[in-house]
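Heads up, the thing below is written out as structure tokens.
What you see below is based on every heavy atom in this structure, not just the backbone, and it leaves out hydrogens, waters and symmetry mates. Throughout, residue positions are numbered sequentially from 1 according to the sequence presented.
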Amino acid sequence: MKTKKEIATTEVKLNGFEQITGAEALLKSLIEEGVDTIFGYPGGAIMPVYDKLLDFEDKLNHILTRHEQGAAHAAQAYAMVTGKPGICFATSGPGSTNLITGIANAYLDSVPVIFITAQVVSSLIGSDAFQETDILGVSMPVTKWNCQVKRAQDIPDAIAKAFYLATTGRPGPVLIDITKDAQIDKLPFKYRKCTYLRAYNPHIPLHTRAIESAAIMINHAEKPLILAGHGVLISKAEKELREFAEKTGIPVAVTLLGLSSFPAGHRLYTGFLGMHGNYGPNFLTNEADLIIAIGMRFDDRVTGNLKKYARQARIIHIEIDEAEINKNVQVDLEIHNDAKEVLQALTPQVKKASHESWIREFRICDKTENEKVIKSETRPEKGDIRMGEVVSMVSELTKGDAIIVTDVGQNQMSAARYFKFTEPNSLVTSGGMGTMGFGLPAAIGAKTGRPDKQVIAFLGDGGFQMTIQELGTILHYKIPVKIIILNNGYLGMVRQWQEMFFNKRYASTELVNPDFVTIAAGFSIQAKKVVKREDLKKSLTGLLNAEGPYLLDIQIEKEGNVLPMVEPGASVSEVTLNYKS
């Protein structure tokens with residue numbers, strides 16, 4: 001007959017493995033994957049997990065945001081600046097549905113985030129129980145993979161699979177929905193990392209013949225142009241891109257999410273593409289005889305009118321996701337591989353070259369843009385403070401050594417245009433989804449992931465108020481982010497379109513704003529309002545030198561426009577440099 005001690009030992013271990021709850025197995029699985037930071041918000045269905053979190057405070061740092069959407073954006077930003085997958089927890093029902101915007105944001109921008117949601121007990125699924133929602137059905141279109149776990153013993157394998165899928169191939173968000181009884185029940189814990197899944201092959205052997213063909217095309221081109229996208233950063237191919245460009249002498253343009261993949265001060269850098277991108281790379285796209293697209297998807301903001309896009313050019317598309325190839329733009333040569341591996345194989349095969357006369361065309365465009373747009377935007381002689389002026393001054397004061405986080409709209413485009421990015425992964429912004437409210441929680445995630453770096457958030461007064469509650473998270477954890485509100489009293493980008501295309505009929509875009517300085521004081525955040533140009537540099541210096549969090553409410557030109565602009569339906573070569581209503 002067994003003693004009580006022997007019975008207890010048998011209950012604790014089964015087949016040599018420790019018996020623990022599903023909640024504890026979840027947390028231990030995350031630790032096995034190297035996780036140390038979680039963003040989340042508790043609730044009834046996920047309470048067993050949060051209870052166990054107290055036992056892992058020495059290994060897992062949990063950041064309690066003030067809304068689940070804030071947790072999702074923070075987790076994405078954390079992933080973008082660290083290169084590690086972000087982790088986000090939420091409860092069932094409204095907790096999980098509040099994540100959807102953040103999940104979609106990570107999906108469209110190819111960022112690996114592991115979303116863990118809780119579900120009602122398995123016996124109640126399908127009964128419309130309190131806070132029950134079919135989160136698998138809701139999230140399916142915007143996740144790389146999702147699953148529901150109803151048994152404790154399935155939790156470790158689900159986590160392992162989630163990490164493998166989220167981080168390999170084209171990365172993206174995954175979601176695991178765990179029932180409450182699976183969190184409570186026990187299992188013999190063992191963890192094995194996932195390195196293979198049947199019918200999923202994220203690593204495709206190099207297309208050597210395609211690379212050889214690409215080298216021939218590149219060696220014979222007279223006006224080649226590199227378009228570098230987010231895939232360069234995802235594959236950590238910044239060094240390879242620079243070596244390839246320097247050997248071939250080919251000018252480099254970048255997409256919005258490709259910013260920081262190539263140093264802004266480099267002689268081959270031509271600026272960023274897109275609706276509000278630089279004049280040269282947009283205008284001269286339709287002059288190039290060869291386009292080498294690397295890790296980008298020919299988004300409509302980059303191509304403008306597809307019927308008029310690069311009709312004269314042969315196109316090489318280097319892209320890890322086959323679904324993106326020939327989706328928007330028909331290409332002449334596809335290389336369905338990782339950008340880093342392709343560039344490593346391609347660079348030895350191309351000839352040393354120089355395209356100085358071609359590059360001079362970009363410099364001429366730069367001069368035109370500087371005279372017609374940049375000079376008046378960054379060095380105005382009179383009038384109200386301008387967005388570009390603020391961003392340009394921050395860039396100079398930091399010498400480009402900062403992580404820039406933006407919201408969406410005019411503040412985003414101005415930051416992209418006028419901050420000189422010199423270090424990889426130094427821009428955190430919402431690209432494909434264009435989510436207003438992204439900036440403030442993303443700044444929290446970026447600073448949590450990179451506490452060694454200065455993190456500066458450029459926000460519009462509209463987007464700031466969408467997630468303003470996350471000031472509470474900054475207060476709670478004393479996160480020293482620097483917040484710059486470019487305050488024009490409008491939903492600025494919508495107002496610009498209303499001015500240009502709707503005869504200045506400003507329908508529901510003018511804002512009546514609260515006193516942001518007073519609000520910041522309520523969260524124990526130092527803050528200051530800036531109205532006069534002569535106070536700007538001193539105020540920005542004070543913000544950058546402050547030890548803790550700091551907010552500047554900068555009153556800018558009310559009806560300022562972001563130019564140049566490729567207007568809807570226009571060709572990328574039909575760029576508007578000047579606009580007068």
Side-chain angles (χ1 to χ4, degrees), residues 264 271 275-280 365-400 404 406-407 409-420 456 458-464 482-501 503-504 506 509-513 515-517 527-544 550-565 567 575-581:
M275 181 172 280
H276 294 286
N278 292 108
Y279 180 49
C365 288
D366 290 346
K367 186 176 180 181
T368 300
E369 184 178 358
N370 187 60
E371 289 297 320
K372 293 189 175 183
V373 179
I374 296 174
K375 187 184 293 183
S376 61
E377 180 67 20
T378 61
R379 296 289 185 271
E381 296 177 358
K382 58 183 180 179
D384 294 327
I385 298 171
R386 299 188 181 180
M387 287 176 284
E389 178 181 7
V390 177
V391 175
S392 179
M393 192 173 290
V394 171
S395 185
E396 291 171 6
L397 290 171
T398 60
K399 297 181 173 57
I404 300 301
T406 82
D407 211 86
Q410 290 182 321
N411 64 89
Q412 178 187 38
M413 293 297 101
S414 294
R417 285 183 52 78
Y418 298 114
F419 193 88
K420 304 303 180 186
I456 303 163
F458 287 105
L459 314 176
D461 43 321
F464 173 56
K482 308 303 164 61
I483 303 162
I484 298 173
I485 303 172
L486 299 173
N487 188 346
N488 56 14
Y490 276 106
L491 301 177
M493 189 60 81
V494 183
R495 186 216 58 78
Q496 177 171 335
W497 280 52
Q498 289 173 334
E499 177 184 347
M500 296 178 71
F501 311 122
N503 299 316
K504 292 186 106 174
Y506 294 160
T509 47
E510 189 167 9
L511 299 173
V512 177
N513 289 325
D515 185 337
F516 294 131
V517 173
K528 181 180 179 181
K529 180 180 286 188
V530 182
V531 178
K532 298 179 180 178
R533 178 166 287 113
E534 52 265 35
D535 297 331
L536 182 59
K537 186 173 184 178
K538 182 179 178 181
S539 299
L540 287 171
T541 302
L543 170 132
L544 294 172
Y550 200 105
L551 182 149
L552 280 184
D553 176 10
I554 302 178
Q555 306 291 300
I556 60 168
E557 182 181 21
K558 280 188 70 66
E559 296 186 35
N561 291 328
V562 181
L563 295 170
M565 182 176 183
E567 297 182 16
V575 185
T576 300
L577 285 166
N578 292 320
Y579 174 78
K580 291 183 180 179
S581 58

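Other residues, nucleotides and ligands contribute at most 12 non-hydrogen atoms within 6.0 Å of the CD atom of Glu381. Enclosure of atom NZ in Lys558 by more than 12 non-hydrogen atoms of other residues, nucleotides or ligands within 6.0 angstrom is indicated.
Nearest heavy-atom pair across Glu369 and Pro564 is OE2-CD, 3.6 Å. When every heavy atom of Gly460 is checked against every heavy atom of Ile485, the shortest pair comes out as C-CG2, 4.2 Å. In plain terms, the two heavy atoms of Thr509 and Gln498 that are nearest each other are OG1-OE1, 2.8 Å. Counting all heavy atoms, side chain and backbone alike, Ile484 lies closest to Val390 at CG2-CG1, 4.2 Å. In this structure, Ala415 and Thr406 approach most closely via the heavy-atom pair CB-CG2, 3.6 Å. The minimum heavy-atom distance linking Arg417 with Gly277 is given by the pair NH1-O, 3.2 Å.
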Can you list the steps and then say if Tyr418 with Met387 is a side-chain contact (heavy atoms from CB on, under 4.5 Å)? CA-CA 9 Å; Tyr418 298 114; Met387 287 176 284; over 6 Å; no
Go through the steps for Asp366 and Asn370 under the test side-chain contact (heavy atoms from CB on, under 4.5 Å), then give the verdict. CA-CA 6 Å; Asp366 290 346; Asn370 187 60; over 6 Å; no
The test is side-chain contact (heavy atoms from CB on, under 4.5 Å); show your working for Tyr579 and Met565 and say whether it passes. CA-CA 9 Å; Tyr579 174 78; Met565 182 176 183; over 6 Å; no
Hey, mind stepping through Val391 and Asn411 against side-chain contact (heavy atoms from CB on, under 4.5 Å) and telling me if it holds? CA-CA 9 Å; Val391 175; Asn411 64 89; over 6 Å; no
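Side-chain contact between Leu491 and Leu511: present, with at least one pair of heavy atoms (C-beta onward) separated by less than 4.5 Å. Using a 4.5 Å cut-off on side-chain heavy atoms (C-beta onward), Trp497 and Val494 make no contact. Contact check for Tyr550 versus Ile483: no side-chain heavy atoms found under the 4.5 Å cut-off. Looking only at side-chain heavy atoms (C-beta outward), Val517 and Lys528 stay at 4.5 Å or farther from each other. Side-chain contact between Leu540 and Lys538 is absent, with no heavy-atom pair separated by less than 4.5 Å.
A salt bridge does not link Glu389 to Lys537: none of the charged side-chain nitrogens sits closer than 4.0 Å to a carboxylate oxygen.
Looking only at distances, no side-chain donor or acceptor of Glu510 sits under 3.5 Å from a matching main-chain atom of Tyr490. In this structure, the side chain of His276 does not engage the main chain of Leu563 through any donor-acceptor pair within 3.5 Å.
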For residues 392-400, dump all side-chain donor-acceptor pairs below 3.5 Å to protein atoms at least two apart in sequence or in another chain.
residue: Ser395; atom: OG; partner: Lys420; partner atom: N; Å: 3.0
residue: Glu396; atom: OE1; partner: Arg379; partner atom: NH2; Å: 3.4
residue: Glu396; atom: OE2; partner: Arg379; partner atom: NH2; Å: 2.3
residue: Thr398; atom: OG1; partner: Val394; partner atom: O; Å: 2.8
residue: Thr398; atom: OG1; partner: Ser395; partner atom: O; Å: 3.4
residue: Thr398; atom: OG1; partner: Gly400; partner atom: N; Å: 3.3

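A distance of 11.0 Å separates OG1 in Thr576 from NZ in Lys372, rounded to the nearest 0.5 Å. Taking CD1 of Ile554 as the reference point, atom CG of Leu459 lies at 11.0 Å (rounded to 0.5 Å). Taken to the nearest 0.5 Å, the CG atom of Asn513 stands 8.0 Å off from the CG atom of Asp553. To the nearest 0.5 Å, atom CE of residue Met275 and atom CE of residue Met413 are 9.5 Å apart. Summarising the geometry, atom CG belonging to Asp461 is positioned 8.5 Å from atom CG belonging to Leu486; distances are rounded to the nearest 0.5 Å. Note that the CG atom of Leu552 and the NZ atom of Lys529 stand 12.5 Å from one another [nearest 0.5 Å].
Side chains of Gln412 and Asp407: no donor on one and acceptor on the other come within 3.5 Å.
Among residues two or more places apart in sequence or in another chain, the side chain to side chain contact (heavy atoms under 4.5 Å, CB included) test is passed with Lys367 by none. When the salt bridge (charged side-chain N to carboxylate O under 4.0 Å, His left out) test is applied to Asp535, no partner is found at least two apart in sequence or on another chain. In this structure Lys375 satisfies the salt bridge (charged side-chain N to carboxylate O under 4.0 Å, His left out) test together with Glu371, sequence neighbours excluded. Glu557 is linked by a side chain to side chain contact (heavy atoms under 4.5 Å, CB included) to Asp384, Arg386, counting only residues two or more places apart in sequence or in another chain. Evaluation of the salt bridge (charged side-chain N to carboxylate O under 4.0 Å, His left out) rule for Glu567 yields no partner, not counting sequence neighbours.
Ring-centre distance between Phe458 and Phe419: not below the 6.0 Å cut-off.
For the side chain to side chain donor-acceptor pair (under 3.5 Å) test with Asn488, the passing option among Glu559, Arg495, Gln410 is Gln410; the others fail.
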